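Encoded as structure tokens, the structure appears first; notes follow it.
Keep in mind that this is a model prediction, so the values were computed, not measured.
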2 protein chains.
Amino acid sequence: MLAKKESEEFKDSISKALKRKQTIVLLAHSSISYSGRAEATLDYGDRIIIIKPDKTFLVHQPTGSNAVIYMKPGSQVEISEEDGELILQSSNMTLHELVEVRIKKIISFSSASLSDAERVQLFGTEKDMSDYIYNNPDIISKDFKPVSREEQTKHGYIDVFGHDKNDNLIVIECKRTKAGPGAPQQLRRYIERLSKSKGISPDKIRGIVAAPNITKNAEHMLKELGYKFKKIDPPAYLKRKKESQHRLERFN
Amino acid sequence: MLAKKESEEFKDSISKALKRKQTIVLLAHSSISYSGRAEATLDYGDRIIIIKPDKTFLVHQPTGSNAVIYMKPGSQVEISEEDGELILQSSNMTLHELVEVRIKKIISFSSASLSDAERVQLFGTEKDMSDYIYNNPDIISKDFKPVSREEQTKHGYIDVFGHDKNDNLIVIECKRTKAGPGAPQQLRRYIERLSKSKGISPDKIRGIVAAPNITKNAEHMLKELGYKFKKIDPPAYLKRKKESQHRLERFN
DNA sequence: GGGGAGAGATGCCGC
DNA sequence: GCGGCATTTCTCCCC
């Protein structure tokens, strides 16, 4: 239970930080509830509460990598007091969502104006993988001639699209991790649509799943559908192997 | 750039907090790199860095609800100094992953021993929805007799399974949000397997997608496959409507 | 804004 | 541990 004076001080500090569009981090003994797309409750415990200047509202427990309760950017924050507890409410009118945090004790309070214009650069995505295949078609097959990447059909797109020396169409679906049953189904869907739109028998279109690995089931489905699996490591792995893993040498 | 003395003090504080298995929150001007399943870099900016006692390592930017760089629980943290920067490394030997944070300036440092044994209680999941259908079968059809929920087939499971008054099998796939093209495909897959394992013509098995809504494409696919869509609101919404929305009355 | 699919997805449960 | 799948998924991209 927060003393009246302490409570007033925190309320004041948090209000000021909110007004100044600062980032707020609280370590606090609190209970949480969420109501919106679903309903969630979390009984009293020590939590990390983050309020960002874009009004993202996050509640983390002392374990695990995901916020257990959260509100998306653009919500609205209000502070009040009740029964010796400090109450934080984050609400989003348009999404009809509400989070309520009841704070019994504040262990730590920090706030600061943070400035960050950078964006994460990510390498080794599925896109990079399809680029790699497009630029190195022999890893699929000696006679594979790629025509386009990310071919836009009206619904969804094909990762790599091309033909073999006999002008059979080839459709490749890439997965950067082990391919599951979704991959053959995606391939089937694309090929069915392609066959209809081009007036070609589906048998004339070769389907290939390119991934570092595939589950037994997905492999079985592929076989049933008459498609092939091609083992391809994602670019990051290839790159690392070639670069003798200078950054990861500690793991050798 | 951190002054030598300041740097030493922070290094000491962080080391002590780590040793005591405390939760650490840093607001710091820093650059981040990740190497593992992919490669990622993030140039200098103000970030929120969290190290939890289970060695979860999180880097948040001042916007957005997800960590931009992270390490899963169980990694290992080391601190060092180089060129007037404090360097935090989080590594996971088994996953061959490494995060490196180069800190130019520490804006705020907090640490505390947090204690939290609670777990989030979540209501309104897809599971709750299939339970609801199982217990209120007339919302699907007057003659629907449910037999089981979450029927375990060898590969995947069926949300609700039953039959009509003519003993035709009925398979229901629930989605708690708008159903996309995955739903009809899942249904098709289940029904194909079921028809094979039971030796029944697929035409004798009725497929139903139960969801609050469905995309145009998914609806079209459903029709092609001969399945039906049934509009069902997820339980949380139903519940809220009945309870006259006392918690959400502020939205009225 | 809706639709579709990737994500370093994560996390859960079942075999 | 693998596999299949939900997630208050989130996020991006394209129509």
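- Other residues, nucleotides and ligands contribute over 12 non-hydrogen atoms within 6.0 Å of the NZ atom of A/Lys55.
- B/His60 and B/Asn66 make their closest contact through CE1-C, 3.6 Å (heavy atoms, listed as atom of the first residue, atom of the second, distance).
- In this model, a donor atom of one side chain and an acceptor atom of the other lie less than 3.5 Å apart for A/Asp54 and A/Thr56.
- Using modelled atom types and a 3.5 Å distance limit, the side chains of A/Glu97 and A/Tyr34 yield a donor-acceptor pair.
- The structure places CZ of A/Phe144 at 11.5 Å from CG of A/Asn136, a figure rounded to the nearest 0.5 Å.
- Taking CG from A/Asn92 and NZ from A/Lys72, the interatomic distance works out to 8.5 Å, rounded to the nearest 0.5 Å.
- The nearest whole Å value for the distance from the NZ atom in A/Lys52 to the P atom in D/dC10 is 13 Å.
- Per the geometry, NE2 belonging to A/His220 stands 16 Å off C1' belonging to D/dG4, to the nearest Å.
- Take the nearest nucleotide of DNA chain D for B/Val120 and for A/Thr215: the residue whose nucleotide is more 5' is A/Thr215.
- C/dG11 and D/dT11 have their P atoms separated by 16 Å, with the value rounded to a whole Å.
- The CD atom of B/Glu219 sits 11 Å away from the P atom of C/dG3 (whole-angstrom rounding).
- Here the shortest heavy-atom pairing between A/Gly207 and A/Ile191 reads CA-CD1, 3.7 Å.
- For the pair A/Met129 CE and C/dA5 P, the computed distance is 18 Å after rounding to whole Å.
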Original post:
How does DNA chain D look in dot-bracket notation if pairs are Watson-Crick or G-U with both distances under 3.5 Å, crossing ones as [ ], other-strand ones as |?
Top reply: |||||||.|||||||

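- If you take CG of A/Leu58 and C1' of D/dT8, they are 13 Å apart, rounded to a whole angstrom.
- A straight line from CG of A/Asp54 to C1' of D/dT11 spans 14 Å, rounded to a whole angstrom.
- Rounded to an integer number of Å, the gap from A/Leu42 CG to D/dT8 C1' is 15 Å.
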Original post:
What is the per-nucleotide protein-contact pattern of nucleotides 6-13 of chain C, from the 5' end, where B denotes a base atom under 4.0 Å from a protein heavy atom, S denotes such proximity for sugar-phosphate atoms only, and - denotes neither?
Top reply: SSBSSS--

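- Comparing the P positions of C/dG4 and C/dG8 gives an interatomic distance of 23 Å, to the nearest angstrom.
- For the C1' atom pair drawn from C/dA9 and C/dA5, the interatomic distance equals 13 Å after rounding to whole Å.
- Between A/Arg47 and B/Glu118 the shortest side-chain heavy-atom distance falls below 4.5 Å.
- If you measure from atom CD1 of B/Ile158 to atom P of D/dA6, you get 13 Å, rounded to the nearest angstrom.
- D/dT9 and D/dC5: their C1' atoms are spaced 12 Å apart (whole Å).
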